[in-house]
Structure formats: C-alpha cells, structure tokens
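One structure is given here, and the rest of the page talks about it.
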Amino acid sequence: MNFILEKQALPDLLQTWRANFDVYLPQNLERFTHFMPLAAEGVTVINEPHNTRIPPKALFLPMTETLVKFTRFGGYENAKHEIEPRIVFALRPCDAQAVQLLDTSFLQVKYSDPFWLERREKTITVALGCHEPCDNGFCTTVGYGPFNKADLDAMLTDLGDFYLVETFSEAAETCFNGFANASETICVQALEVQQRAHDQMPVAFETENLKEKLEQNFSSNYWDKVSLSCLGCGVCTFLCPTCFCFDIVDETQRRERVRNWDSCMFRTYSLEASGHNPRPSRVERTRQRLSHKYVYWLDQVNQIGCTGCGRCVRYCPVGLDIRSMLRQAQSLPFEVSHAS
Amino acid sequence: MAEKPGIALFQCQWCLFSPADQDWVDNHLPSNIYLTKTPCTGRINPLYVLNAIQGGADGVMISGCLPEQCHFVTGNITARRQLEEFNDFLNHIGYEKQRVRFVWLDLQDRCMIQKELAAFEKELKCLGKAANLVTRMKVAEGEQNA
Amino acid sequence: MRANGRSLYTPTPMHVLRAYYESTDRSLKTLELSFDYTEDSQAFFAAFNPGQFCLLSIAGKGESALGVASAAWEGDFVRFTAQNVGSVTSALHKLTAGDAVGMRGPLGNGFPMDGWQGKNLVIIGGGCAFSTLYALTKHVHHENHRDDYGKLTLIYGTRTSGLCMYKHDFAAWHETDDMEIHQAIDVPEENWLHHVGYVPDVIRQVAPSPDNAVAVVCGPPIMTKFTLPALTDLGFTPENIFTSLEKRMKCGLGKCGRCNLGPTYICKDGPVYSLAQLNALPADL
Amino acid sequence: MPDIEVIKAEAKRLLSEGMVEVVLAFKAGETPLHPQPAFFRTPDDVDELVYSSLNQNNLATYLTRLPKESKVGMVVRGCENRSVNALVVEKQKSRDNLYLIGVPCEGILDWRKIVAKVGEAVKSVNESEQEVMVESRSGYYLVERKELLHDSCMRCSHPNPVSADILIGEPLAESDSNLAREAVEEFEALSVKERYAWFRKEAERCIRCYACREACPMCYCTECFVDHIEPRWTESGATPAGMQAWHIVRAFHQTGRCTSCGACERACPMDIKMTYLTEKLNHDMKEKYNFETGLDAQTKPPFATVTLDDKNRFMV
C-alpha cells in the first residue's frame, strides 16, 4: 500500500503512535543525533541525509545487556527484559539492511537468541530513504542502496512537502491507517527520486572478485600496509551497524552475567587463557574485520556484510578508510580457478 | 540522617602501635565501618578509593603512619601525594572533598583512631548520604558477595 | 528455549558428584557432574555425541569451554578434565563433591560417528587434550558399539608419566587384546615400559595402516602441527584425518564472533574438522 | 606555515643517509578532512608527506608500537615533542634513537567544527595564518582560524617544539599560559552538583571503544586496568559505574604525564569532552609542584619523585 503523509501531519502522527508504542527516532543529543524514545512534546525529525552516530543495532543489541542472573545458592535464572511494542522511525535503509544481516546470526534455526528475537518481533521499522547522497556512504557499491527495501515495514520517500509512504507489512499499514492513498503519478515521481538518489551515489570501489582476492591473499603483506597506522581502538566496529561481536562477563557485585559489545580490534578479544593469541597484532585483527565483512558473510549468507553507511570512514581517529583499503585490494593478484 | 554513615577505612597495618587499638580495629569495629588492611598506605591504589565510593561508602578514611615513621620509608608520602591529588580531582568532577580523609597516626598515640573515626562520622552526618559517583548497583540486603 | 524453560545463555544447574586430581602435579582435575533435574539429563543425552564440549560456569567467575570426557553409557553424569590455567578453571579446581556448578551444552558438532562405521580408528592424543578422545575410546570400546568399528589403535603421548590421564583405564586397556595401545612420554623415566619420544615420531615408528582407516588427532597445537604431515606421509588422505580445534569462546552458539575460523565458528560448526576442511580454511589459529 | 618542501628534504636526507629507519609523519587521506599518519621508509615514499593543521593525531603514540631499538625520525609539533620527552623520561624510547623535525604549530583544526560550520561533503581545505578557506557542497567558506581550532589548542601555551633536532619555520610567540588555568578555574567555579552533572553527562555517553586510550601516547600499558580479569577493577560494560570509573582513572593515570595535546578528545567518536579532566591535573601539578610535562627529557613527574621533604607540605 502507498500512502501520502503531509510533513505537517507528522508530529501528530508520531504522538498518536505513542499511545500504543514506544516511538524511537533520531533526536539531537549534544552534537549529534541518537535514537531516543519520543517524549510527549517536542518532535525532531532529522531530515538531513545523515545517520545517527550510534547505529540502530543498539536498539536490538544494547551495549550492555543482562543475560543471566545469579541466585543466592549458586543457581542461575533467565534475565527478563521489559520490552514494549515499538516503532523505530526514520532509520536509514543501510541501517535497516544491517539489522536484517544481523538476523542471520541471531536468529539461526537451532540457536535463536531470545532477547534479539523478542525485540525484533515487537518492533516496526519505518525507514526514511536518503534522497540526497550522504558524505561518506557507499551503499550502492556494496549492492544495497539509498532506497534499499530489505526487511522494512515501511519506507518514506521525501517529495518536498510530503512523504510517500510505502508499506510492506500489515502492521505498518495499520500505523498509516486513514491517510490518503497515493496516486499513480506520485508513485512514478517517487520512483524517479529514488532512481536519481541511487545514481548519485558514487561507486567507491569494484566488488567484482574482491572476495577471491582477499581470500587468496590471506598471508599477503597487503594487510601490513593497510593496518599500519591503525590504533587498535573499537570505533569502526562499535559504530558499525553490522558488527555484532559481544563479550560475556560476570558482574560479581551485581550478581549478573552480562553481554557487552566487543570488538575484534581489541587485543583481549581472542586472547586465550594460556597466553596464546591467534590474532596477536593489528595486522591480523584488521584482516579479520575486513575478511569478515567481505569474505565470510558472503560464504555464510551470500551477502556482503557491510551496508556502506560510512561511519567507520567518518569517525576513524586516524583517517583509515575502508574504501581505499578495498581499492588497494583490487590490485592484488588472484587466480580465477575455483570461482565457478 | 537516621542511620550511621558508611565508612570505608583503609588502614596501614603498621600505624597502630597499641595492641588494644589494633584489637579494637580488628574485632570491635562498628558495623558501619568497613575495614581494609593494607601493608602500607603506599599500597592503596586510588582505584580502591574509587571502588569504595562507587559502592556506596559515605566516606573514605585512610590511616597511615607519620612521615619519617613509615615502615617502607616513603610509602606514606607517596600515598599522600597521590591520594591528595586524587581527592582534588574527584572534587573537580563533583564529589565532596570532605568525604575522603587522610589521617596520620602517631605510633605513640592511644585511642586516636577512635577519636578520628568519631570526628569523621560526625562530619559525614552533617554532609548526609553520598549521592554523587555512587553508581554501582548494590547487592540486595542480606546477600553475600560471591 | 531449552529444558525447564532456560534461555540459551542460562546454565543448567549441576552438582559435583566426584572430583579428583588426574595428574601427579595436580594441574589436572577431573570433575564428574550430575544433573539436578532429570529433564536436563534427558535433553543432554538425547543430543550428546562424543567430541562435543560444554561450557562450565561458575557464578561470578565466568564460563570455560571443556570437552566432554565421558561416554553416554557410563551413567547419568558428565565428566570433564580441567587444566588449571585461567580464572574459571582455577575456580573449578576448588570444587569438591556436592558443590553446585552450571553447565551449558552439549555444544559443537562432535565426531562424525556415522561416517566412521566399519572403519579402523587410529586415535592420537597428546596431553590434557585427550579428554574428548577418551570419550570416543570409551564409546567405541563399549560392547554395544565395538562391532560397528574395525581395528582400534590408540596413541597417547604426555610430557611425563605423571601427566598421563585416566591411568586406571589405560591399565585395563593394556590388558585387553582388541585394542592396540602405544603410550609415550617425552623424556625417559625409570620403570617406563612404553615409548619414549614425541607423538609424531611414535606415529612414524608405529606406522598405523591407512587402509580403511580414520585418524583422529587431538593435542596441543604444536603436536597437531607435526602430526598431520606425519599422517599424510603414512598415506592417510585429508578426508580421513580429523582434529578438534579450540579458540577463545564466550557464547558457544556462533553469535559472539570470536572463535571464527574463516566463515565457520569453531563452537558451532566445529570443534571437529577434517584436514580436508581445514585446508580450505584460512590459517587463523 | 612551515615550508613543506623543507620538511620533505629533511626527511629524505634522514632516510637516504641512513640516520633513521622510518620517518613518522602524515600523508593525505581519502578525504581532505582526514590526513593519515604514515610511516615513510624510503626517500621515495616521502613525496607523499603532507603537513597541515588538520593532522589530528599525536604521532608519539606510535613510538611505543615500534621496536624499542629502532631509529625513528618524526615530524613533531609542540605537544608531540613534549609527549616524546615524557616517553623518554619513562624510558620507553631512547632520545638517541630519535630524530625530531620540529615544526611550530599554529593549532590543530577540529574537523567537527569545520563540518558544523560549512556542512557536509568538504571538498578542499586551504589554510593561511589567519584564515581557512573551505569548499563544501554548499559553496566556499572563509572562516577565521580561531573559530575552527580545537579546544585544547586554544589553550596551548607551548606551540613550539622544545627539543627538536631541527626546527623548520619561524618559532611562534609563546602564548598566554593563563588560558588553561582560567579554564580550570571557570569550571571549578560551578557548584559540586553542576560539576557532577556535567561529568555524568559527558562520561555516560561513552561507548567504551577506548579510542582515547589508543590515541594517547602515554597510554602504552600492555594490559590496561579495564582489561584486567582477576581482579576486575570496574564494571566492564557501558554502565554508569563502568563508564565513570574509566574516565576518572584514565585521566588520573595521566597525572604529571599529560601534555594537553587533546588527541584523546579528537579521537572520541562520541564527542566526549575529556581535556577538562586532564587540564585540572596538569594545573595542579603546576601549582603544587611547579611541573609541566615534557619541557625537558630529564625531569621526572611528581608522582615518581617522592622525598621526605614532602612532610612539610602535608603536616596539618
């Protein structure tokens, strides 16, 4: 179903939703935007073609989350989280795509993560397409796009005074109940905007044979070169919408076992009790980060595990750029032998 | 406030010369005082103090030997330099300076530790319950830490 | 959800049935755990396969991945042998009979027992990594399963005789004649009747036949590194050489990310890999 | 601005004469706002070397990551020179193995301030002594340099390298050393409640990525206290207790060691203010012990030099 949503009507709509849902949308926090629950007054819809600083994965996989509680006599209890039905509004298609990618890890057939599952089931995602290209993004390069519709309940296209709302699920349809249906011409107009946005995104690097090149050059000195100035902090992974690694830690004083975000760029990430570390330096860790996104995800679910949001590019403290790393990878030697 | 303020007492094991005082500290401390004995005040990492504060202590008292009487020559002065600065620093980020107290105990003194604790407790009572920096969730009443 | 409504992350309550030191230097301790609830026991044994591992949990300390060292027929308990290295294992070493402990498992794929039916087994172990192989040997050696497999050869090396695990069973196995046993220690000792030398050398000396045979290797990385070429030299094909890997693990469910070997997770898709599989994966160990 | 060609020539000379194995400096990044730290190992590499006020990092942080005995050349600004000195005092690197190409620093431009001023998609940045010309998607902007300086650079009182082997460019005037003190005093004028509110607001935005730690030249411990498992010093997650403890102890470990370069703050992905913590400690070190970090490569920091004379200070 396609609806028309006047921009003036948006604040009221968001407030109406609040009756039944927790409404999360990007709001100004200090000097950047952050997904926060909407309060009774004051609506800020961030209309710049800009991602929030922290990706919305944090709404499904919080930075710190209790998994298990310890009972008094050395026993264990499931942790319970009160999760209300929610609408996540104005998340960008790249981030929505990332959530879908994370589903493949958290919702495996045999081992489905209960906390992730509950949050996913209770969430309606309403994305806002990017009609203007953002600064460091490269979503079309990795096969997604500014109006990528994977795993969304609804998608908004900015058409000046109003949005075209495309809904893809019944839950989303009920959210937009009562709005005027969009005419054919408006849909065509929206398609043009979407196509133009898609075409405006620059191609940052070639993805053809990239997987094979990275795979076959596992022990190349290419990795030394690209990781040389890496500091080994967790900015790129913590701000990445598809990075999901976590650490499980016992908080003794709180008598809880919690999971915290963790990063493959940390030394302690793979350090074993014996003192052996399979990834002892930043070279191996950088290789793991890039290979995971551009090789292993492809092996696992046949999708690139990077949605091109550009956060790691923008916030790397030393200006390391995944786009230029992969462009350099394109000149690596490789054999086509088993690329069938 | 009604209940007594909680005090974390860090005590250098050499600073109480009198066996009676040491016995009082070891065995007869009131329940609102939580004792940590250290080999020297120089052993006290500012992290210990921070841990006590975050865990909900209303005040932290550190008792050490007089200068020149340290068992390890300069341990107490090292500690004093660091903890004085640490206290100033905590004050900078919004923690009442009076809640951390460093006392020198003369080896000849008798009952000084009781007097100092009483005075400290009195001052803490005026300050009220600590709120700033108390961020660690407490374990429910009656449960022991694992 | 697992038995008794526990989430994937909540350990099953267990208690220690027996706890004893396995080696003379007290660095290895064996824990036999029994289940607090029969539903958990049923769920465990319905899923269990030799070669799998569990995460033992001490509240306040954390979890540690340990290979299961008991066969299902042995009874309603699970055996683990832990080396005292980290904070969790040192806490495990403090446990005595009756103490409570948590367990998540069985996890991982285990040995592909179905594919090995009718084949000769060459089981090669080194040091404390022998635990899952012990489960395998126990399983195969039992009268109910013995006829499913061919000849059984066991090669086990340790640094000293005191570090040799499961001494009683070895003594009994030396007596039986349906199993060929080669035990080795690294340096000569008085009264030692078996081989002296490193495991790869013992393998070359013993030279087990690769005909219709499967070799299972489990040991410290350095031993595995030299044993695999020795087996290849003897004529074992990569498809018939198996090994069990280990990396730091947290969740055990293929979610926390840290134990990946290429696109596979050792906790979920491993820990047992064939050499053919390993050859296709990056050397990220 | 120092002449880039002179810097390049000097770097080339060092490498070609074999005086150093590697020269640490910056090269142009993928975007004009982010020059990258780079390791130049051959004279030909040096052609890529750039020097601009957008170089955000303190290069001294890489010194402890290189082999201890390696001979290193570095292009240093005032703060980087002081960090190098502090590392030499702590015996992390021998001064004999270092060759410092000094450059008087006019202050680092904060890329976040530039983006806030001119908007997205910055295409080029050209700077002169007083002004900065920025081209972005929405056009050209001529901005006064002062408006774009990073906060810690506005308070900087030692813009010149103090112990460089060669100084390229004219030394700048030492600026007013009261600016840092005024900033500390201004903050301390707030009430305890307000100060704590500010600290909470800043600290609790932390995501514990440890970019501040890695960007800091003085944070070179092999094992940081937050990575410690037995005992675990703080809560490890993004909880108030853990985040506050991290910020308090990280800063406090810098007492008498921080050179106020502000690299921690520039590295932070969450725009957390951190220098107000270290400024206070630096201010105290100066007031109490008349010590400023890194002014020479001999004087030990106050916490490493305890004497019995101290007793007079503390007697109540």
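Chain letters run A, B, ... following the sequence lines, proteins first, then strands; residues in each count from 1.
- For C:Tyr156 and C:Phe130, the ring centers are positioned less than 6.0 Å apart.
- A:Cys236 contributes atom SG, which lies 13.0 Å from atom CZ of A:Arg311 (distance to the nearest 0.5 angstrom).
- Top candidate by heavy-atom pairs under 4.5 Å with chain A, chosen from C:Thr264, C:Val101, C:Val85, C:Leu253, is C:Leu253.
- Contact annotation for A:Tyr269: both backbone and side-chain heavy atoms come within less than 4.5 Å of a heavy atom of chain C.
- There is no contact between C:Gln83 and chain A, counting heavy-atom distances below 4.5 Å.
- Cation-pi geometry between A:Arg86 and A:Phe60 is met: the NZ or CZ atom falls under 6.0 Å from the ring centre, inside 45° of the normal.
- Using a 4.5 Å cut-off between heavy atoms, A:Glu77 contacts chain C through its backbone alone, with no side-chain atom that close.
- A:Tyr76 and C:Arg6 share no donor-acceptor pair across their side chains, judged by distance under 3.5 Å alone.
- Note on A:Val295, A:Asp262, A:Leu102, A:Val249: by heavy-atom pairs under 4.5 Å with chain C, the leading option is A:Asp262.
- Between A:Asp247 and C:Arg248, no side-chain nitrogen of the basic residue sits less than 4.0 Å from a carboxylate oxygen of the acidic one, so the salt-bridge criterion is not met.
- Looking only at atom types and distance, the side chain of A:Arg257 has a donor-acceptor partner in the side chain of C:Ser57 under 3.5 Å away.
- In this structure, chain C has no heavy atom under 4.5 Å from any part of A:Asn277.
- Taking chain A as the reference chain and counting heavy-atom pairs below 4.5 Å, the highest number among C:Gly257, C:Cys256, C:Pro282, C:Ser64 is found for C:Cys256.
- With chain C as the partner, the residue from A:His276, A:His292, A:Lys69, A:Arg279 showing the most heavy-atom pairs under 4.5 Å is A:Arg279.
- Classified by interplanar angle (parallel below 30°, tilted 30° to 60°, perpendicular above 60°), the ring pair C:Phe35/C:Phe44 is tilted.
- For C:Asp99 and C:His15, the side-chain atoms include no donor-acceptor pair closer than 3.5 Å.
- For chain A, no part of C:Asp36 is nearby; none of its heavy atoms comes within less than 4.5 Å.
- Here A:Phe106 is the residue among A:Phe115, A:Phe106, A:Trp297, A:Trp116 with the most heavy-atom pairs under 4.5 Å with chain C.
- Taking chain C as the reference chain and counting heavy-atom pairs below 4.5 Å, the highest number among A:Asp299, A:Leu298, A:Leu271, A:Asp113 is found for A:Asp113.
- Heavy atoms closer than 4.5 Å to chain C are found in both the backbone and the side chain of A:Ser105.
- The OH atom of C:Tyr20 sits 9.0 Å away from atom CG of C:Leu31, with the distance rounded to the nearest 0.5 Å.
- Using a 4.5 Å cut-off between heavy atoms, C:Lys61 contacts chain A through its backbone alone, with no side-chain atom that close.
- Taking C:Pro221, C:Ala100, C:Ala283 one by one and counting their heavy-atom pairs under 4.5 Å with chain A, the maximum is reached by C:Ala283.
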